[in-house]
Amino acid sequence: MNSKGNFIEVYATYSDIFGEKFDKDKLISMIYDLPLGGVINILSMLNARERSDTEIRARFYSFLKNSPNADYIIQGLEGRTLYTSQGLLSIWKWLLTYGDFNKMNEWVDPDQGIFIVLYLHLILGDYLYSSESEENDDAIIYELFSNLNFNSQLDVYSAFGRACVIYDEIAKDTSNFSTNEYMDINLAFENKYGYSIKEYLACLFSIVATFDVAKQKIQSSGARDINYFKQFSNNVRIDEIMEQLSVNINNAREWSIKNVENSWNFQLFKEKPLIKLNNGFYLPFSLRFLHEQVYSQLFFKIRECFPKDDGQIISFIGRCFEKYVEIITEEALKVSNIKYETIPEFRFKNDRSPDFMVRLGGKLLAVEAKNRRLKLDSIINRNQETIDSDVKNMIEEPIMQLHKCLKKLFERKHQSVVGVDEIYLVVVTQGSISTLPNFMKDIENHVFGEFEIPVKAIYHFDIEEYEYLLGIVGKKGAKPIFRILNDKTNLAPYVSFKNYLYMKSYINKRLAFIGDKFKHYTNIFENMLTGKTGDSGR
């Protein structure tokens, strides 16, 4: 974010500075001559650092000063982002496609490696966007949408706590479900993979923690040998899980050759976030993709335990998610010194109320939890039709569902809404969907024209953002939740809640309940990995 509160950054490209794109044949030749092993090690570590990392910029400038055009280049870089996640992942594809694998044992000085990677990013930056978007305002908007969602960040330690609560606690408790809807997903998972969900998360905890530590200092190598993880292999199936999370370098090259021209397709890296080198060492393509295995990708791993046409598993996980939203809302609000009235979901006649409601006097917060996420086509291909469908499916339709439900409660003069004169509608989704003003203004113009009850504001949060909101509200002495939402609307109506928190300089946002769960499961994971207890996670 810049000083004016603009969350859209502009990355630097070679043509911005020198007036023309770098010749492609010359680029391919340059990549072939690079010390490949050393460069990919630096690339992996850079993809774990913040885009605004001042240390990386300083080290790049320091090395650049050896160049005769240093001052000119540095001036052209000012105010521009040096690197992006998409750009660094594109470098992976170009290095794998055109690099010389005979140079895998050649290393570089870390500062030289930083310079090489960021110089490649400058060059490849000219190849990241389509010519269509240069001439079409609509294409630019949809490309920005995809970029926003591709670059969304996550708190991996909250993800661990959330995954454990949903899949190890809620999903196992049959009292949370009717007889017809319950599914033993933990048993299905173990039958398919040979290890439990808890064991999988314990192994991920070790792997994530190992590479999180490696990112702290840019050095010649951040790779890890499989022997490092074998210390746990007598207790858990970490060797097996490492293999499933990784792709060997030769297969990665084959895929990259086929996809090098599609600058948005990183699906292999997302599914297999570790690259296995021929010497048995592992590197993350992207630490964020490794983090995503903890929660968002775990959903797909569970989904694969059931037939493709089995819709019940989607409903079951959706019910687990609804229960999770209910639990964390109650846990947060009961700590507050404000006397909220909490209203879990209930049946009235043939209908169900919103998943959760919160009242404070005449103000009502109505929450709808949806097990929905962006389609791959919306991110990889920037497909306008798919993006429009996802926005409608994840935001507009749930908002209108809330309205329809509350309208029925008002018509029946149900006690839960008697005396309510201000309504705040909130949609919480499993997956992140960051939007731009254009999308949200269109939604507001449509839905507010349909409202027949006193709706004051609408909001959409991904689950992590909703946890952040509750983390603020659930502190002693906190402002009422409605004041926080009003402030968000007045100060930053069309930015994500995460960016709003950044603007407000909120700290310690993590929900206390999730922090406690993470600590609890950390102890369990450590015992499982070291064999201190008989808990195999089953």
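Heavy atoms only: backbone and side chains are in, while hydrogens, waters and symmetry mates are out.
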Derivation and outcome, side-chain hydrogen bond (donor to acceptor under 3.5 Å, both in side chains), residues His446 and Glu396: CA-CA 9 Å; His446 180 233; Glu396 185 171 335; 2.4 Å; yes

Can you check whether [X] reaches [Y] side chain to side chain, under 4.5 Å on heavy atoms?
| X | Y | value |
| --- | --- | --- |
| Trp255 | Val247 | no |
| Phe451 | Leu406 | no |
| Phe525 | Phe518 | no |
| Asn259 | Phe266 | no |
| Val473 | Ile338 | no |
| Leu469 | Tyr466 | yes |
| Leu245 | Leu204 | yes |
| Ile399 | Ile443 | no |

Working for ring-ring contact (aromatic ring centres under 6.0 Å, His included), residues His414 and Phe346: CA-CA 12 Å; His414 193 277; Phe346 59 87; 4.7 Å; yes

To the nearest 0.5 Å, how far apart are [atom1] in [X] and [atom2] in [Y]?
| X | Y | atom1 | atom2 | answer |
| --- | --- | --- | --- | --- |
| Thr13 | Tyr127 | OG1 | OH | 11.0 Å |
| Cys320 | Asn371 | SG | CG | 9.5 Å |
| Phe482 | Thr489 | CZ | OG1 | 12.5 Å |
| Leu88 | Ser286 | CG | OG | 9.0 Å |
| Gln293 | Lys272 | CD | NZ | 9.0 Å |
| Leu374 | Asp390 | CG | CG | 5.0 Å |

Steps toward side-chain contact (heavy atoms from CB on, under 4.5 Å) verdict (Val495, Tyr502): CA-CA 11 Å; Val495 307; Tyr502 187 93; over 6 Å; no

Using a strict 4.0 Å threshold on nitrogen-to-oxygen distance, state whether [X] and [Y] make a salt bridge.
| X | Y | result |
| --- | --- | --- |
| Glu169 | Lys172 | no |
| Arg319 | Glu345 | yes |
| Lys408 | Glu411 | no |
| Lys192 | Glu304 | no |
| Asp487 | Lys504 | yes |
| Lys392 | Asp388 | no |

Donor-acceptor pair, distance only, cut-off 3.5 Å: does the side chain of [X] make one with the backbone of [Y]?
| X | Y | answer |
| --- | --- | --- |
| His121 | Ile91 | no |
| Arg162 | Ile514 | no |
| Lys475 | Ser336 | no |
| Ser196 | Glu190 | no |
| Tyr340 | Ile481 | yes |
| His403 | Glu452 | yes |

For [X] and [Y], does a side-chain donor sit closer than 3.5 Å to a side-chain acceptor?
| X | Y | value |
| --- | --- | --- |
| Ser178 | Asn180 | no |
| Tyr494 | Glu444 | yes |
| Tyr424 | Asn486 | yes |

Relative to each other, are the rings of [X] and [Y] parallel, tilted or perpendicular (30° and 60° limits)?
| X | Y | value |
| --- | --- | --- |
| Trp92 | Phe285 | perpendicular |
| Tyr195 | Tyr200 | parallel |
| Phe189 | Tyr193 | tilted |

So, for [X] and [Y], which heavy atoms are closest and what is the spacing to 0.1 Å?
| X | Y | result |
| --- | --- | --- |
| Pro398 | Lys370 | CG-CG, 4.0 Å |
| Asp310 | Arg303 | O-NH2, 3.3 Å |
| Arg288 | Ser85 | NH2-CB, 4.2 Å |
| Ser263 | Gln86 | O-NE2, 3.2 Å |
| Asp462 | Glu465 | OD1-N, 2.8 Å |
| Val420 | Pro454 | O-CG, 4.3 Å |

Passing candidate, side chain to side chain contact (heavy atoms under 4.5 Å, CB included) with Asp355, options Glu368, Glu326, Lys323: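 Option passing the side chain to side chain contact (heavy atoms under 4.5 Å, CB included) with Asp355: Glu368.
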
Residue from Asn393, Val391, Val427 passing side chain to side chain contact (heavy atoms under 4.5 Å, CB included) with Ile433: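 Looking at Asn393, Val391, Val427, the match for Ile433 under the side chain to side chain contact (heavy atoms under 4.5 Å, CB included) is Val391.
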
Steps toward ring-ring contact (aromatic ring centres under 6.0 Å, His included) verdict (Phe269, Phe289): CA-CA 7 Å; Phe269 303 160; Phe289 284 169; 7.4 Å; no

Over-ring placement of Lys488 relative to Tyr459, 6.0 Å and 45° cut-offs: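 No; the conditions do not both hold, so Lys488 does not lie above the ring face of Tyr459.
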
Full working for side-chain contact (heavy atoms from CB on, under 4.5 Å) between Ile458 and Ile395: CA-CA 9 Å; Ile458 61 172; Ile395 303 174; 5.7 Å; no

Evaluation steps, side-chain contact (heavy atoms from CB on, under 4.5 Å), between Arg352 and Asn350: CA-CA 7 Å; Arg352 286 180 178 268; Asn350 295 322; over 6 Å; no

Evaluation steps, side-chain hydrogen bond (donor to acceptor under 3.5 Å, both in side chains), between Tyr324 and Glu467: CA-CA 11 Å; Tyr324 175 75; Glu467 290 167 354; 2.5 Å; yes

Verdict with supporting geometry, Asp155 and Glu464, side-chain contact (heavy atoms from CB on, under 4.5 Å): CA-CA 8 Å; Asp155 175 1; Glu464 186 174 280; 3.4 Å; yes

